[in-house]
Amino acid sequence: MESAGAKFRQAVAAEKPLQCVGATTAYHARLAEASGYKSLYISGGGVAAGSCGIPDLGITTMEDVLIDLRRITDVTTLPVLVDIDTGWGGAFNIARAVRAFTKGGAAAVHIEDQVQQKRCGHRPNKAIVTQSEMVDRIKAAVDAKTDPEFVIMARTDALAVEGLNSAIDRACACVEAGADMIFPEAITDLDMYKKFAEAVNVPILANITEFGSTPLFTTDELASADVSIALYPLSAFRAANQAALNVYTQLRETGTQAGVLDTMQTRMDLYDYLGYHEFEQKLDGLFKDEA
Ligand SMILES: C[C@](O)(C(=O)O)[C@H](CC(=O)O)C(=O)O
Ligand SMILES: [Mg+2]
């Protein structure tokens with residue numbers, strides 16, 4: 001059977017750029033698959049905020065992310081790219097993470113060059129480790145691969161800290177160390193992607209996260225800049241949060257949900273995306289056999 005890593009590589013080759021959408025719950029993973037996406041993303045910021053209710057500051061553990069991964073890979077066949085932040089420690093921790101995420105069904109992980117006490121990539125005052133420490137992180141990750149097709153993606157946050165040339169140097173050093181793909185974080189101009197793509201000669205990812213440093217480039221614009229993957233880590237999460245808040249406030253203020261009913265997914269739609277009726281039919285069949 002084809003591995004998750006192989007599937008992800010095929011998806012990257014088939015769609016330019018491959019749209020990779022964040023799913024913060026297993027149900028959202030089902031919605032994304034039903035909407036036609038060919039890959040999914042587990043966002044570190046999403047695990048922190050959505051699953052744990054805490055900020056994206058390196059507080060969540062490997063197990064927090066693995067729980068979400070397992071739930072998602074249990075209900076979808078799409079290849080999943082996972083944000084493993086800084087890899088939770090030194091070389092042994094990173095190696096352990098790569099093995100654990102491969103076992104959990106991930107297709108790819110991205111690991112970044114921020115210090116352990118990391119921040120969101122689109123916030124000020126980020127700090128990064130030296131290039132040689134980052135290269136060691138990548139070597140540890142590559143060395144731990146049990147499936148040669150599993151994708152190690154190197155993320156560099158260096159643009160905001162040291163500028164474009166340093167970020168490109170780091171990306172090249174990571175590719176030399178065995179990184180399969182590059183994630184240049186918090187890009188501000190479209191032509192920067194082109195420069196990264198030219199320099200590294202492996203697929204690059206553009207993080208099109210909202211309300212950050214990167215303009216909302218379209219897929220056509222990204223294709224013109226040689227971007228291979230367009231990432232939307234938290235788009236559905238942000239929208240769902242706003243919708244939830246609206247329901248909570250209206251229900252509290254008016255004493256009824258009647259005014260917000262038309263913003264809700266119906267029971268029927270909820271069930272359709274779950275395959276509820278197929279489950280029910282199986283259940284009925286089971287009872288019949290028993291009778
Ligand atoms: C991609 C990211 O690492 C994430 O955890 O989803 C975040 C996204 C965000 O905070 O908007 C990041 O860019 O740091
Ligand atoms: Mg993150």
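Remember, predicted model here, so these are calculated numbers, not experimental data. The basis for the numbers below is simple: all heavy atoms, side chains too, and nothing from hydrogens, waters or symmetry mates. For ligands, and for the atoms within them, numbers begin at 1 and follow the listed sequence.
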Could you go through the side chain to side chain contact (heavy atoms under 4.5 Å, CB included) check for Ile111 and Ile138 one step at a time? CA-CA 8 Å; Ile111 180 162; Ile138 296 302; 3.7 Å; yes
Between [X] and [Y], is any side-chain donor less than 3.5 angstrom from a side-chain acceptor?
X      : Y      : value
Tyr273 : His28  : no
Thr209 : Arg238 : yes
Glu15  : Ser39  : no
Glu112 : Thr86  : no
Gln131 : Asp169 : no

Can you count the protein N, O or S atoms that lie less than 2.8 Å from the Mg ion (ligand 2)? 1
Under a 4.0 Å heavy-atom cut-off, what residues line ligand 1? Tyr41, Ser43, Gly44, Gly45, Asp56, Asp83, Cys120, Gly121, His122, Arg155, Glu185, Asn207, Thr209, Pro233, Leu234, Arg238
Gln19 and Thr219, any side-chain heavy atoms less than 4.5 Å apart: yes
Output yes when Arg9 and Glu2 qualify as a salt bridge under the 4.0 Å nitrogen-oxygen rule, no when they do not. no
Tell me if a side-chain donor or acceptor on Tyr232 pairs with a main-chain N or O of Tyr41 at a distance below 3.5 Å. no
